[in-house]
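What follows is a single structure, written as structure tokens, with notes after it.
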Amino acid sequence: MFLQPFEINRKSLVSDIVGQDYRTAEVFRRHGIGYCCGGKWPVDMACEMHGVDPEKLQMELEASIRTVPVSNQLEFTEWNIDFLIDYILNIHHQYIKKQLPRTIELLADFAKEHAKKFPWVTELENMIDQLDKLLQSSMKKEEEALFPYIRQIAHAYNDKEPYAVLLVRTFRKPVGDILSKGHEAVASIISLIRDITNKYTIPPNVCTSHKVVISKLKELDQDIMQHMYLEQSILFPRALAIEQEVLAM
């Protein structure tokens with residue numbers, strides 16, 4: 001259903017466009033254009049009804065379905081620590097800050113119309129809310145304390161600065177705590193979300209909104225897993241190794 005290359009045709013029905021690629025739903029939603037059961041209007045007509053510039057909307061729709069592939073051959077383990085941290089901040093932290101609130105809104109809209117038919121939606125909303133709080137708290141700690149600390153000890157270690165050991169002792173080695181607590185809690189909630197959505201399986205004969213929500217949750221899961229992998233398997237072990245070497249100096 002989703003992510004297959006296609007051309008945006010303004011004569012097509014709104015619901016059909018979203019049916020071809022769930023990412024277009026966010027564009028229609030932003031302009032107040034319904035795309036589910038009420039999306040049985042051609043794009044041009046929907047634009048006229050809502051006072052939206054059709055040319056502008058088409059440009060936004062085309063941008064939303066543009067896929068930028070990332071090679072699976074990237075050697076993350078060889079990246080400079082500063083660059084790796086910048087990548088995590090600019091790719092994964094920014095994604096969470098922008099897309100998680102939008103996912104929460106999509107889920108809330110879906111729940112308004114379908115909670116009676118699908119009682120699990122309310123439980124899913126609670127899970128996503130917990131996930132949001134955990135991630136926002138974790139990212140705040142990383143951005144304000146943990147990442148600056150890792151940069152400092154890495155620079156001090158590389159430059160063989162004598163004060164490096166003081167940095168480690170003063171900060172009381174926070175890397176291990178973040179690694180063992182924050183990621184475990186996030187992974188636990190992700191596991192519950194996978195269970196409740198049957199691993200993001202879209203049931204047959206459901207509405208477009210249902211398909212969009214499930215697809216968005218799957219996208220969120222994939223980003224969080226990549227995010228956690230870069231931190232848990234690459235960044236944090238490297239930081240821990242530097243801490244141990246600095247303490248042994």
Side-chain angles (χ1 to χ4, degrees), residues 1-69 94-129 131-132 135 190 193-194 196-224:
M1 162 180 171
F2 293 133
L3 305 183
Q4 298 301 316
F6 72 101
E7 182 179 347
I8 300 292
N9 186 333
R10 297 208 300 265
K11 301 301 180 185
S12 299
L13 300 182
V14 170
S15 57
D16 287 347
I17 289 178
V18 177
Q20 288 184 277
D21 195 316
Y22 74 94
R23 294 173 296 180
T24 59
E26 187 175 313
V27 177
F28 288 120
R29 188 178 184 281
R30 189 162 61 241
H31 290 283
I33 298 175
Y35 57 81
C36 189
C37 303
K40 305 301 182 182
W41 300 96
V43 173
D44 273 339
M45 188 175 295
C47 286
E48 185 176 348
M49 293 166 61
H50 291 84
V52 177
D53 180 349
E55 294 286 345
K56 182 175 183 293
L57 181 71
Q58 181 165 357
M59 289 177 61
E60 291 181 19
L61 289 171
E62 290 173 350
S64 74
I65 64 174
R66 191 176 300 125
T67 299
V68 181
Q94 286 304 310
Y95 175 86
I96 293 297
K97 289 176 181 178
K98 290 184 178 180
Q99 296 303 324
L100 187 50
R102 292 172 183 172
T103 303
I104 291 172
E105 291 174 1
L106 281 173
L107 190 56
D109 287 347
F110 177 71
K112 288 178 186 176
E113 302 294 331
H114 302 85
K116 289 184 179 180
K117 185 176 181 181
F118 303 106
W120 50 264
V121 173
T122 301
E123 186 179 355
L124 184 58
E125 283 189 290
N126 291 334
M127 291 177 186
I128 295 294
D129 183 59
L131 183 64
D132 180 44
L135 287 170
I190 290 291
I193 293 172
R194 288 175 181 173
I196 203 172
T197 60
N198 191 22
K199 296 181 179 177
Y200 310 109
T201 301
I202 298 176
N205 304 317
V206 295
C207 69
T208 304
S209 290
H210 195 142
K211 297 173 183 177
V212 168
V213 165
I214 296 298
S215 298
K216 192 67 178 177
L217 289 171
K218 183 178 181 180
E219 175 190 290
L220 183 70
D221 181 322
Q222 291 172 340
D223 185 85
I224 291 172

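Nearest heavy atom pair, residue V206 against residue I202, reads CG2-CG2, 3.9 Å. Smallest separation of non-hydrogen atoms from K11 and P42: O-CB, 3.7 Å. A pairwise comparison of heavy atoms in P54 and C47 identifies CA-SG, 3.7 Å as the closest pair. Contact record, Y200 with I190: OH-O, 4.4 Å, taken as the closest heavy-atom pair. Residues A111 and E125 share a closest heavy-atom pair of CB-OE1, 3.6 Å. Closest heavy-atom contact between S15 and C36: CB-O, 4.0 Å.
Separating the OG atom in S215 from the NE2 atom in H210 is a distance of 9.5 Å, to the nearest 0.5 Å. Between I214 atom CD1 and K199 atom NZ the span is 14.5 Å, to the nearest 0.5 Å. Remark: R29 CZ to D109 CG distance equals 4.5 Å, nearest 0.5 Å. The OG atom of S209 lies 12.0 Å from the NZ atom of K112; values are rounded to the nearest 0.5 Å. In this structure, F28 CZ and L61 CG are separated by 4.5 Å, a value rounded to the nearest 0.5 Å. Here CD1 of I96 is found 5.0 Å from CG of L220. Values are rounded to the nearest 0.5 Å.
With a 4.5 Å cut-off on side-chain heavy atoms, V121 and V213 do not count as touching. Looking at L124 and F118, their side chains never come closer than 4.5 Å, going by heavy atoms from C-beta outward. A heavy-atom distance below 4.5 Å is found between the side chains of L100 and I128. Taking the side chain as every heavy atom from C-beta outward, T24 and I65 approach each other to under 4.5 Å. Here the side chains of M59 and E55 are not in contact, with every heavy-atom distance at 4.5 Å or above.
The existence of a salt bridge linking E60 and R30 is confirmed by a sub-4.0 Å separation between a basic side-chain nitrogen and an acidic carboxylate oxygen. For E219 and K216, the salt-bridge test passes: some basic side-chain N is under 4.0 Å from an acidic carboxylate O. Remark: R66 does not engage E62 in a salt bridge, criterion side-chain N to carboxylate O under 4.0 Å.
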Problem - side chain to side chain contact (heavy atoms under 4.5 Å, CB included) assessment of D221 paired with I193 - result: CA-CA 9 Å; D221 181 322; I193 293 172; over 6 Å; no
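Using the six-membered ring where Trp is involved, F110 and H114 have ring planes that are parallel, under 30° apart on the 30 and 60° scheme.
The closest donor-acceptor contact from the side chain of R10 to the backbone of V43 lies at 3.5 Å or more, if one exists at all. Judged by distance alone, the side chain of H50 and the main-chain N or O of G32 form a donor-acceptor pair under 3.5 Å.
The neighbour count for M45 CE, taken as heavy atoms of other residues, nucleotides or ligands under 6.0 Å away, does not exceed 12.
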